[in-house]
Amino acid sequence: LGACWATWTVPFDNEEGVYFLATAYYMSPAVRTFWEKQLEAPIVWYGTTLEMLVDYLEKLSAAAGIKPSTRPPIPT
């Protein structure tokens with residue numbers, strides 16, 4: 001989950017060897033390269049709101065037992 005918080009990006013689907021990612025920000029070349037190497041596959045990325053992404057990541061963090069204070073701060 002750390003990489004998701006750090007890049008404001010979440011992989012949400014995989015079809016025929018291509019991963020689909022939702023992100024709240026522009027994916028820089030470094031971020032795109034990171035995710036392609038991490039997932040070992042090409043990616044297609046979609047934009048989403050920061051509010052939706054944070055809500056989803058907070059739910060994932062809670063389900064994983066990660067305390068809110070251990071995640072990166074949310075920009076205001």
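- By the 30° and 60° cut-offs, the orientation of the rings of F12 relative to F20 is tilted.
- At a threshold of 4.5 Å between non-hydrogen side-chain atoms, the residues T9 and W45 do not count as touching.
- When all heavy atoms are compared, the tightest approach of C4 to W35 is SG-CH2, 3.9 Å.
- Hydrophobic clustering of Ile, Leu, Val, Met, Phe, Trp and Tyr side chains at less than 4.5 Å, counting indirect connections, unites V10 with L1.
- Interatomic distance, CH2 of W5 versus CG of L53, reported as 7.5 Å (0.5 Å rounding).
- Across all their heavy atoms, G17 and P42 have their closest contact at O-CD, 3.4 Å.
- Inter-residue side-chain proximity for R32 and Y26 is flagged as met; some heavy-atom pair is nearer than 4.5 Å.
- Side-chain atoms of L21 and L39, non-hydrogen and from C-beta on, do get closer than 4.5 Å to each other.
- Taken to the nearest 0.5 Å, the OH atom of Y19 stands 12.0 Å off from the CD1 atom of I43.
- To the nearest 0.5 Å, the span separating OH on Y25 from CG on L50 amounts to 5.0 Å.
- M52 and Y56 are not part of a single hydrophobic cluster, where members link through side-chain heavy atoms under 4.5 Å apart.
- Clustering ILVMFWY residues whenever any of their side-chain heavy atoms sit less than 4.5 angstrom apart, transitively, puts W8 in a cluster other than the one holding M27.
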